[in-house]
*Asks:* 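Before anything else, here's the structure in question.
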Amino acid sequence: MKTYDIYFSDGHLSDNKGFFIRTPEKAIHMAEDMLVKGNTYIDDYAGGVISVVASDGETVWSKQIPNK
């Protein structure tokens with residue numbers, strides 16, 4: 001069974017939350033909430049990209065993180 005995690009990248013560094021979310025829809029919803037509400041990853045990776053990545057490596061969604 002695939003699981004999904006939320007990744008952050010700015011071209012130099014990358015990080016992920018370490019989630020094992022069961023559906024891409026829920027992972028995308030969580031990522032969109034992070035963009036709206038903000039968190040330390042959003043601040044740290046401003047100008048970079050937030051992505052939802054499946055456990056098999058497939059990127060199922062991504063969006064630019066606005067600059068501060």
*Asks:* Specify the closest pair of heavy atoms between Val52 and Ala27, including all atoms of both residues, with the distance to one decimal.
*Replies:* CG1-CB, 3.5 Å
*Asks:* Could you name each residue pair satisfying ring pair (Phe, Tyr, Trp, His ring centres under 6.0 Å) that touches residues 13-44, not counting sequence neighbours?
*Replies:* Phe8-Tyr41
*Asks:* For the residue pair Leu13 and Asp10, what are the closest heavy atoms and their distance?
*Replies:* N-OD1, 2.7 Å
*Asks:* Measuring only between side-chain heavy atoms, which start at C-beta, is Val36 closer than 4.5 Å to Asp33?
*Replies:* no
*Asks:* Name all residues meeting the side chain to side chain contact (heavy atoms under 4.5 Å, CB included) criterion together with Ala46; count only those two or more places apart in sequence or in a different chain, and write none if there are none.
*Replies:* Lys68
*Asks:* How long is the straight-line distance from CD of Glu32 back to NZ of Lys37, given to the nearest 0.5 Å?
*Replies:* 12.0 Å
*Asks:* Suppose the criterion is side-chain hydrogen bond (donor to acceptor under 3.5 Å, both in side chains): which pairs have a residue in residues 54-64, not counting sequence neighbours?
*Replies:* Lys2-Asp56, Lys2-Glu58
*Asks:* Got a sec, which residues hit side chain to side chain contact (heavy atoms under 4.5 Å, CB included) with Ser9, two or more places apart in sequence or on another chain?
*Replies:* Ser14
*Asks:* Please report the C-alpha distance between Leu35 and Ile65 in whole Å, then the side-chain angles of each, then the deciding distance to 0.1 Å, and finally whether the side chain to side chain contact (heavy atoms under 4.5 Å, CB included) criterion is met.
*Replies:* CA-CA 7 Å; Leu35 281 171; Ile65 300 170; 4.1 Å; yes
*Asks:* Taking side-chain hydrogen bond (donor to acceptor under 3.5 Å, both in side chains) as the cut-off, I'd like each qualifying pair that reaches into residues 16-26, sequence neighbours left out, listed once.
*Replies:* Asp5-Asn16
*Asks:* With sequence neighbours excluded, what pairs up with Asn39 under the side chain to side chain donor-acceptor pair (under 3.5 Å) test?
*Replies:* none
*Asks:* When rounded to the nearest 0.5 angstrom, what distance separates CD1 in Ile6 from CD1 in Ile21?
*Replies:* 4.5 Å
*Asks:* Does the side chain of Ile50 reach to within under 4.5 Å of the side chain of Ile42, using non-hydrogen atoms?
*Replies:* yes
*Asks:* Could you state whether Val49 and Val53 fall into the same hydrophobic cluster, counting links through intermediate Ile, Leu, Val, Met, Phe, Trp or Tyr residues with side-chain heavy atoms under 4.5 angstrom apart?
*Replies:* no
